[in-house]
*Asks:* 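There's a structure below that I have some questions on.
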Protein chains: 4
Amino acid sequence: MSRQADKRTAILRATLKLIAEHGFHGAPTSMIAERAGVGVGTIYRYFRDKEELIHTLYEELEARHRAFVMQGYEENGPIRDRFYHLCRNIYRYLLANPLEFRFLEQYFDSPYGVAKMRQKLESAGEPFHALLKEGKQQGIVKDLPTLLLFGLIFGPMINVIKDHDSGLLPLNDVLVDQVIRATWDAIQR
Amino acid sequence: MSRQADKRTAILRATLKLIAEHGFHGAPTSMIAERAGVGVGTIYRYFRDKEELIHTLYEELEARHRAFVMQGYEENGPIRDRFYHLCRNIYRYLLANPLEFRFLEQYFDSPYGVAKMRQKLESAGEPFHALLKEGKQQGIVKDLPTLLLFGLIFGPMINVIKDHDSGLLPLNDVLVDQVIRATWDAIQR
Amino acid sequence: MSRQADKRTAILRATLKLIAEHGFHGAPTSMIAERAGVGVGTIYRYFRDKEELIHTLYEELEARHRAFVMQGYEENGPIRDRFYHLCRNIYRYLLANPLEFRFLEQYFDSPYGVAKMRQKLESAGEPFHALLKEGKQQGIVKDLPTLLLFGLIFGPMINVIKDHDSGLLPLNDVLVDQVIRATWDAIQR
Amino acid sequence: MSRQADKRTAILRATLKLIAEHGFHGAPTSMIAERAGVGVGTIYRYFRDKEELIHTLYEELEARHRAFVMQGYEENGPIRDRFYHLCRNIYRYLLANPLEFRFLEQYFDSPYGVAKMRQKLESAGEPFHALLKEGKQQGIVKDLPTLLLFGLIFGPMINVIKDHDSGLLPLNDVLVDQVIRATWDAIQR
DNA sequence: AATGAATGAGCTTTCATTCAT
DNA sequence: CATGAATGAAAGCTCATTCAT
């Protein structure tokens, strides 16, 4: 990897850490540069402005996240198995990467990311999209708007992981499976 | 209502609106004052500082919200009925007051409000708390940590209302009842 | 004494106390009003603005101070006796009224009071003025500019009292007499 | 000298000038920046906050002042000679640098500098300290508390220079020697 | 390519003063 | 006469962005 890529990566990493730990407020460019071990000006060689830096960071995290989640995914398996697979992997990934989770949370709740969120959920590439559609057709999943089903799946997920990361609700594999089960109960016909 | 109360109210209203619409960033004191039709200094006659203004706003909204939600609540009714009652009222209130919803969302996701959130959820006064405890004892509700059950209830709620307010998922009474039903399925044994 | 005079006096007293204890910075009009038990606006009924309030306070303190100092002063007594009399009384007064001393210090060191200081020292009414003039004529006091002699007298006085008030150099009658003696040595031929 | 040092120096100089001429009140950061020919933000690159700027300014002036005063000082010379040497140099320095004198005056009379003052006067490095101690031991100097002797020396000095700077008492070498003589008479046994 | 010194708009907060009651 | 709510100019300080090196 070139020196260039090193700096770029260092900047992205520093941004992730600072925003995750201290919010957007706690991540001035000067601090990002310092933590990344580069000059402030350097940030602007790799990213047009702070906004672009943040969007780029999101895109890269998203890609990594998706790659992990899709590992071993059987596109043609039974609905319920695929649902469990996806959910388990998401929980696993987010619990293993609390910094990324904190960042994503902030990102989606900020003016930066609301548009991105929608776009993502509605994209055909989104595996849950196909899953739920099929499930509804097969009469396994409740016949509700997809966005509503998304809410039933991701809503609990976000809350529960937040509580885990803040130490209030320590999760383990059993508990995670129980939430997924409950989520399935929610969307299942 | 006195002139005084007018100004205080105007400031709170302006704050609600600006934070709901543009986030904490988009609500500098100068703009709050302008929107409220008062001088900047006036804000500081009614609130020690910006932080107190925001906390006060939260407290007032919270009180109004709770009063609405508890209307006609039968503390000794059947679990399921009480669950529906609370959920329906919360949905109704938040859908009727999108500004308040946006504000509360921001508030709880900010360093301002995380503590408040916990405190609130764990308080004995929180009607859901008693409800879920009873439900678990009676074997009607899944035997999961209360915080986890909260996640299953409020997670979908937040997501779904957010989507409604952004125009992506127009809700109506039928749809709301369907989400509540799904939520019940999630927590029910 | 009328109600009016009461308020005026209360305002002046509060001003003295606050400025002496916390400096000009620590004496906003709102706090003066509060301590005086009057409304803020009331201050402006008795004094054109804050500046006038402070100047008036100075004038009143000055008059009281002078009255005390001149008690029992023999205008035609021997130079040395008159010198001791004046010095002793000034020390006595300022040590007994630390608040006034603190205020006067601040006053003279601020843009408010430099002019007043000069004016006072040069005024014919100033008893030291006549004293030193005579002393010089009689060949008892060094033939130096009066202002310089003032410096030799008041300079040590201010320093020594400041140190006393701050607890670093506790004074007593003996010590005070020794300073006066030293001051006399300084100006004596 | 580098650009950097230029700006730092310009800021310090502007601060000195403004505080000397208009007091702490008359030296807002905006005005300091303007007078220094830099942006406001630049001040904060060199100094953490305004307080640090002022303390630093003091330290630098103090160092320069001390270096000047100690030139040619014979630590083992006769008490009287050393006394004259120190006094003459202090007068010379302060008369040649009226801005610094005004600044130091304000500094010591403000909450910023009272502690510094004490610390300085009591430090073993303070040459007057040793001088007076010795003088007392040898029976040349009056047996009075050192702080009181300091008052007798610095009190007149401050007053007299103040009067000189304000144009009321133009000093020259002869006059200065006469004050020092008078000061010596004050502390001498 | 990389730097970081320099910038100034914009933030929150204070306070002397006014004026309707 | 007396009040204190209302005001806004001005304070100290931060930070995204630029640009000479």
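When reading the values below, keep in mind they use all heavy atoms of this one structure, side chains included, and skip hydrogens, waters and symmetry mates. First the proteins, then the strands, lettered A, B, ... as listed; each starts at 1. Quick caveat, the model's predicted, so the values are computed rather than measured.
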*Asks:* Starting at the 5' end of DNA chain E, write a dot or bracket for each base, bracketing those in Watson-Crick or G-U wobble pairs whose two distances are under 3.5 Å and using | for partners on another strand.
*Replies:* .||||||||||||||||||||
*Asks:* For Tyr107(C) and His55(C), take the angle between the two ring planes, folded into 0 to 90°, and tell me which bin it lands in: parallel under 30, tilted 30 to 60, perpendicular over 60.
*Replies:* perpendicular
*Asks:* Reading DNA chain E from 5' onward, which residue's closest nucleotide shows up sooner: His25(C) or Val40(D)?
*Replies:* Val40(D)
*Asks:* Compare the minimum distances between each of dA2(F), dT7(F), dT18(F) and the side chain of Arg45(C), then state the nucleotide with the smallest one.
*Replies:*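 The answer is dA2(F).
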*Asks:* Between Tyr46(A) and dA2(E), is there a contact of a side-chain N or O with OP1 or OP2 at under 4.0 Å?
*Replies:*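 So the side chain of Tyr46(A) is within the cut-off, an N or O lying under 4.0 Å from OP1 or OP2 of dA2(E).
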*Asks:* Within this structure, what is the CD-CG distance for the pair Glu59(A) and Leu12(A), rounded to the nearest 0.5 Å?
*Replies:*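 Reported value, rounded in 0.5 Å steps: 11.5 Å.
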*Asks:* Output the single nucleotide from dT3(F), dA2(E), dA16(E) whose closest atom is nearest the side chain of Val38(C).
*Replies:* dT3(F)
*Asks:* Just compare dA6(E), dA2(F), dT17(E) and give me whichever is closest to any side-chain atom of Thr29(C).
*Replies:* dT17(E)
*Asks:* Tell me: CD1 of Ile19(B) to C1' of dT12(E), nearest whole Å?
*Replies:*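 Result: 14 Å.
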*Asks:* Does dT7(F) have OP1 or OP2 sitting under 4.0 Å from an N or O in the side chain of Lys7(B)?
*Replies:* yes
*Asks:* Could you give the distance from OH (Tyr46(D)) to OG1 (Thr56(D)), rounded to the nearest 0.5 Å?
*Replies:* 13.5 Å
*Asks:* Once you round to the nearest 0.5 Å, how far does CG of Asp109(D) lie from NZ of Lys162(C)?
*Replies:* 4.5 Å
*Asks:* Given atom CD of Glu51(C) and atom C1' of dT17(E), what is their separation to the nearest angstrom?
*Replies:* 14 Å
*Asks:* Roughly how far, to the nearest 0.5 Å, is OG1 of Thr42(C) from CD1 of Ile32(C)?
*Replies:* 12.5 Å
*Asks:* Roughly how far, to the nearest 0.5 Å, is the OG1 atom of Thr9(C) from the CG atom of Leu16(C)?
*Replies:* 12.5 Å
*Asks:* What is the distance from CG of Asp6(C) to P of dA2(F), rounded to the nearest Å?
*Replies:* 10 Å
*Asks:* Using the closest heavy atom to pick a nucleotide of DNA chain F for each, name whichever of Met31(D) or Ser30(A) lands nearer the 5' end.
*Replies:* Met31(D)
*Asks:* Whole Å only: how far is the CG atom of Leu18(B) from the P atom of dC11(E)?
*Replies:*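 To the nearest whole Å, that distance equals 12 Å.
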*Asks:* Taking only the side-chain heavy atoms of Asp49(B) (C-beta and beyond), determine which of dT13(E), dA5(E), dT7(E) contains the nearest atom.
*Replies:*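 So the nucleotide nearest the side chain must be dT13(E).
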*Asks:* If you assign Gly39(D) and Arg48(B) each to the DNA chain E nucleotide with the nearest heavy atom, which residue ends up on the more 5' nucleotide?
*Replies:*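 Taking each residue's closest nucleotide, the earlier one in sequence belongs to Gly39(D).
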*Asks:* Write down the distance between CD (Glu34(A)) and P (dA16(F)), rounded to a whole number of angstrom.
*Replies:* 14 Å
*Asks:* For Ile54(C) and Ile19(C), run side-chain contact (heavy atoms from CB on, under 4.5 Å): C-alpha distance rounded to whole Å, both residues' side-chain angles, the deciding distance at 0.1 Å, then the answer.
*Replies:* CA-CA 9 Å; Ile54(C) 285 164; Ile19(C) 290 179; 4.0 Å; yes
*Asks:* Using the side-chain heavy atoms of Tyr44(B), tell me which of these nucleotides is nearest: dT13(E), dA6(E), dT17(F).
*Replies:* dT13(E)
*Asks:* Reading DNA chain F from 5' onward, which residue's closest nucleotide shows up sooner: Lys50(D) or Pro28(A)?
*Replies:*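 Final value for this comparison: Lys50(D).
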*Asks:* Rounded to the nearest 0.5 Å, what's the gap from CZ on Arg8(B) to CZ on Arg45(B)? Could you check?
*Replies:* 13.5 Å
*Asks:* Whole-Å distance between dA16(E) P and Ile11(C) CD1?
*Replies:* 14 Å
*Asks:* Whole angstroms only, please: what is the CD1-P distance between Ile43(D) and dA5(E)?
*Replies:*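 Whole-Å distance recorded here is 16 Å.
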*Asks:* How long is the line joining CD1 of Ile32(D) and C1' of dC13(F), in whole Å?
*Replies:* 13 Å
